[in-house]
> 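Quick one: structure below, then a few questions.
Every chain is numbered from 1, with letters handed out A, B, ... down the list of sequences. Nothing here was measured: the structure is a model prediction, and the numbers come from that model.
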Protein chains: 2
Amino acid sequence: TKKKDKEGGKKKGKSRDNDAKAALKVPKGMRDFDPLEMAIRERVIGRVRSHFERHGAVTIETPVMELYSTLMGKYGEDTKLIYELKDQGGECLALRYDLTVPFARYLALHRVSSIKRYHISRVYRRDMPSVARGRFREFYQCDFDIAGNGAPMVADAECVKLMAELLTDLPIGGFLIKLNHRGLLDGMLEVCGVDEADFRPVCSAIDKLDKEPWDKVRAELIAKGCTEETCDLIQGFVVLNGEPAALHAEIVASGRFASSERAVQALQDLDMLCQYMAALNIPEGAVRLDLSLARGLDYYTGVIFEAVLTDGGSKVGSICGGGRYDTLMGMFLPNPKNGVPCVGFSLGLERIFAIVEERERAAGVVRASKTDVLVASVGKGMVGNRLAVLARLWDAGIAAEHMLQPNPDLRKQLGKADTDGTPVVVLVGEDEWARGAVKIK
Amino acid sequence: TKKKDKEGGKKKGKSRDNDAKAALKVPKGMRDFDPLEMAIRERVIGRVRSHFERHGAVTIETPVMELYSTLMGKYGEDTKLIYELKDQGGECLALRYDLTVPFARYLALHRVSSIKRYHISRVYRRDMPSVARGRFREFYQCDFDIAGNGAPMVADAECVKLMAELLTDLPIGGFLIKLNHRGLLDGMLEVCGVDEADFRPVCSAIDKLDKEPWDKVRAELIAKGCTEETCDLIQGFVVLNGEPAALHAEIVASGRFASSERAVQALQDLDMLCQYMAALNIPEGAVRLDLSLARGLDYYTGVIFEAVLTDGGSKVGSICGGGRYDTLMGMFLPNPKNGVPCVGFSLGLERIFAIVEERERAAGVVRASKTDVLVASVGKGMVGNRLAVLARLWDAGIAAEHMLQPNPDLRKQLGKADTDGTPVVVLVGEDEWARGAVKIK
């Protein structure tokens with residue numbers, strides 16, 4: 001067939017891979033980025049990086065592939081989404097699914113005991129792509145993590161501070177950071193009479209409360225073996241949310257968690273976190289303690305947080321999330337107890353790109369080229385003259401270009417400068433050239 | 001086994017992939033990059049990008065994977081080096097081998113008729129890794145290409161200008177750009193009596209002249225069917241090299257190529273190129289016309305160039321190479337004649353990283369962190385005070401950090417500032433705090 005599928009993976013259709021001419025497309029769920037999209041992405045990444053660097057973070061890179069064994073047993077059901085490579089008589093390799101497991105592997109391999117690092121790079125998931133929901137098979141992750149033993153809650157508080165900084169600075173509207181603690185969550189389930197073996201499945205039901213009504217979640221809890229009484233008790237807890245210090249004081253005063261040792265410990269952590277957040281001058285109202293926040297991943301061990309956008313309805317949902325995971329690195333060591341505690345978060349860069357792109361396109365301010373000068377010419381046979389002017393500009397460090405045609409029409413040259421948003425046009429004409437001059441527009 | 005293979009793919013050894021604990025390593029021929037290495041890489045990339053952008057180039061990104069059919073038939077024998085993915089019931093996918101074929105695919109898919117773009121990203125080759133020769137299975141490519149119909153030799157001349165600009169600016173020592181033309185090369189073989197069917201294999205023998213003596217190359221030519229007389233004639237040509245305009249004039253005056261139409265056309269191209277290079281103010285002696293330059297790849301159709309480093313012996317060899325390829329994009333179109341002519345080059349970024357890293361480490365100037373201030377404290381219980389000072393700095397846009405420990409030793413804090421190269425230490429002490437002051441070192 002001669003018909004081209006310009007949308008690549010975005011359109012449904014039979015695989016025509018065997019027909020080289022017909023298969024003019026990109027892999028399913030993947031995308032090319034044109035210069036305008038790249039300009040927006042690089043600008044956003046630059047802005048995000050400047051915040052990480054302001055906090056003294058350094059960056060690392062790891063291979064896009066890992067041994068399959070490194071990824072095995074880390075993602076639960078999602079393991080089926082991992083891209084595996086053909087075994088070509090060597091190692092069993094797979095493309096990375098996220099940046100967190102490679103980070104833990106990096107810490108273990110290089111025996112790093114303390115680092116504050118960010119990592120902005122692409123990851124791969126054989127998920128069902130959905131353009132509408134911004135879900136792709138190849139996409140950017142943007143992680144910030146602090147690894148190392150330190151004073152309790154200091155790194156956790158810095159993560160919240162940095163999230164607030166980033167989300168305030170990026171032009172993506174209002175936000176709210178929800179906060180909870182795995183110890184408080186587990187203590188809550190304990191107090192409500194949930195069996196410890198059911199903690200994770202019950203948590204994953206509670207995690208859906210930001211998308212589904214209580215009745216639906218309650219039905220799932222019943223199906224997972226909770227009694228009606230337990231459900232009532234859980235409901236009484238998960239509705240709790242408010243300004244962290246105030247809600248914390250209220251919860252402690254109520255004594256509702258007094259019977260759970262891990263909840264008491266978690267409340268001490270949260271008390272310290274509230275003090276540090278105050279010292280860090282995090283904007284009033286930016287953070288809420290929310291007992292319904294559960295986070296899906298198993299590996300969190302302490303504070304968890306998640307930021308949601310509050311403008312534009314619930315369309316974009318969670319934009320940033322993370323928490324403390326003190327045991328992941330240990331999984332790569334002969335003695336897991338030698339693992340370094342970590343806390344960090346992942347910023348939803350693809351969603352931010354989409355929001356910024358929509359805003360900038362609407363405002364008409366997007367520009368791909370960084371050229372300052374277009375060297376235009378009038379009259380025939382002026383190529384060499386244009387090049388001589390260009391060389392002067394380039395050698396002086398000035399970003400300049402010209403049209404490749406031998407004798408381009410003046411109207412076309414000015415039109416190009418206009419379309420590209422090039423601020424200056426240097427006009428080379430025969431008469432001026434004879435006088436050693438050019439016109440500047 | 002509990003022994004760790006810290007070197008990843010660098011060491012030989014049996015695959016132990018089935019033992020999760022033992023397989024603490026990265027895939028063969030691949031590398032992690034630590035913060036110091038990343039700082040150097042990002043600095044070099046930033047410098048290279050600024051040159052591309054000075055020439056009005058924009059950037060694009062393509063997926064790290066392509067349909068296998070897109071890569072098929074483009075790399076000759078090297079096709080066996082392509083990483084294929086497991087067919088998981090969908091498309092046959094492979095990791096990109098270079099950035100040139102994806103660029104041609106991009107132009108065809110999006111019907112781009114004119115673009116000046118650069119692309120700095122990683123590519124994958126299942127080659128035999130060699131740390132000594134800087135050959136890896138995952139490495140950066142850095143391509144600059146101009147696609148579009150324009151005045152002859154204008155884009156080609158800009159490529160040479162940009163190569164000279166880059167190699168002058170990067171701290172990698174002296175360089176020499178060799179220049180030739182596929183038409184002149186083919187015309188030379190024609191004049192020497194080589195059969196047209198043997199042009200490419202004979203070219204690939206001549207291409208070895210920068211590494212091997214004439215006797216060895218001559219033997220290969222004989223083995224490929226050249227007569228003794230043809231060899232003598234070829235030898236008389238390939239020794240020709242010199243300042244482009246002068247050598248061009250000499251060759252034209254000699255009339256040695258007069259019988260080959262394509263050589264005559266190529267000489268006209270080279271004449272125009274010399275004029276444009278003069279207009280572009282390319283440093284004297286930076287470029288030589290060299291009739292032994294052949295370049296391995298089949299797809300070149302016009303001017304070819306290659307830069308070599310002239311300091312530090314022949315250790316690093318070719319650092320940059322490219323040429324005109326007017327037919328590659330057409331291979332992706334129903335009518336190949338609709339393809340857009342292209343010219344461009346690839347900069348050997350990994351080698352440049354290695355040279356810069358060696359120089360900077362020797363000079364002791366490498367620094368991974370961009371932090372300006374370390375907030376240190378004296379006395380116990382000062383975490384909250386440090387955080388309050390940090391918040392003031394962060395909120396003012398100043399890059400600052402502190403040690404995570406609750407009560408770090410002053411000596412350790414100053415030692416960290418020294419090691420990291422942090423220029424300013426803000427010292428928070430109880431007495432000063434009471435007065436609302438800090439000490440600055």
> Most heavy-atom pairs under 4.5 angstrom with chain A, which of B:Glu37, B:Glu158, B:Arg137?
B:Glu158
> Under a 4.5 Å heavy-atom cut-off, does chain B meet the side chain of A:Val112, its backbone, both or neither?
neither
> Does any heavy atom of chain A fall under 4.5 Å from the side chain of B:Leu162, the backbone, both, or neither of them?
neither
> Counting only heavy atoms closer than 4.5 Å, note whether B:Asp420 contacts chain A via side chain, backbone, both or neither.
neither
> Answer with side chain, backbone, both or neither: which region of B:Thr70 has an atom nearer than 4.5 Å to a non-hydrogen atom of chain A?
side chain
> Heavy-atom distances under 4.5 Å only: say whether B:Ile398 touches chain A with side chain, backbone, both or neither.
backbone
> Side chain, backbone, both or neither: which part of B:Val64 has an atom under 4.5 Å from a heavy atom of chain A?
both
> So that I can tick it off, tell me whether B:Arg122 and A:Glu61 are bridged by a salt bridge, with the cut-off set at under 4.0 angstrom between side-chain N and carboxylate O.
yes
> Are the side chains of A:Trp394 and B:His51 in touch, meaning some heavy atoms are under 4.5 Å apart?
no
> Roughly how far, to the nearest 0.5 Å, is CG of B:Asp34 from NE2 of A:His110?
8.0 Å
> Test your reading of the model: is there a side-chain donor-acceptor pair from B:Glu91 to the backbone of A:Lys28, 3.5 Å cut-off?
yes
> Please classify the contact between A:Asn149 and chain B as side chain, backbone, both or neither, with a heavy-atom cut-off of under 4.5 Å.
backbone
> If you count heavy-atom pairs under 4.5 Å between each of A:Ser369, A:Ala157, A:Ala400 and chain B, which one has the most?
A:Ala400
> Top residue by heavy-atom pair count (under 4.5 Å) with chain B, among A:Pro102, A:Ala399, A:Ala368?
A:Ala399
> Given side chains that start at C-beta, do those of A:Val154 and B:His402 come closer than 4.5 Å, heavy atoms only?
yes
> Counting only heavy atoms not in B:Lys380, do more than 12 fall under 6.0 Å of its NZ?
no
> Do you know the tightest heavy-atom contact between A:Ala279 and B:Gly384?
CB-O, 3.7 Å
> Under 4.5 Å from any heavy atom of chain B, what part of A:Leu95 do you find: side chain, backbone, both or neither?
side chain
> Under a 4.0 Å N-O cut-off, is there an ion pair linking A:Arg49 with B:Glu42?
yes
> Could you state the interatomic distance from NZ (A:Lys86) to CZ (B:Arg126), rounded to the nearest 0.5 Å?
11.0 Å
> A:Ile282 versus chain B, heavy atoms under 4.5 Å apart: side chain, backbone, both or neither?
neither
> Please name the pair of heavy atoms, one in B:Pro63 and one in A:Pro27, separated by the smallest distance, quoted to 0.1 Å.
CG-CD, 4.4 Å
> Taking the side chain as everything from C-beta on, heavy atoms only, tell me whether A:Ile115 gets closer than 4.5 Å to B:Pro35.
yes
> Under a 4.5 Å cutoff for heavy-atom pairs, which residue among B:Tyr68, B:Tyr276, B:Tyr124 has the most contacts with chain A?
B:Tyr276
> For the residue pair A:Val383 and B:Ala151, what are the closest heavy atoms and their distance?
CG2-CB, 4.3 Å
> State the NZ-CG distance between A:Lys161 and B:Leu387, to the nearest 0.5 angstrom.
10.0 Å
> Side chain, backbone, both or neither: which part of A:Glu53 has an atom under 4.5 Å from a heavy atom of chain B?
both
> Could you have a look at B:Met65, B:His55, B:Lys370, B:Glu138 and say which one has the most heavy-atom pairs with chain A under 4.5 angstrom?
B:His55
> Can you tell me which of B:Thr371, B:Thr62, B:Thr422, B:Leu36 forms the most heavy-atom pairs within a distance under 4.5 Å of chain A?
B:Thr62
> Going by an N to O cut-off under 4.0 Å, is there a salt bridge joining B:Asp395 and A:Arg54?
no
> At their closest point, which heavy atom of B:Phe33 faces which heavy atom of A:Tyr106, and how far apart are they?
O-OH, 4.0 Å
> Name the member of B:Arg105, B:Arg117, B:Gln405, B:Glu165 that forms the most heavy-atom pairs with chain A at distances under 4.5 Å.
B:Arg105
> Do B:Val26 and A:Leu109 come within less than 4.5 Å of each other through their side chains, counting heavy atoms only?
yes
> What are the two closest non-hydrogen atoms of A:Leu67 and B:Lys25, and how far apart are they?
CD1-CG, 3.7 Å
> What's the shortest heavy-atom distance between B:Met38 and A:Ile60, and which atoms?
CG-CA, 3.7 Å
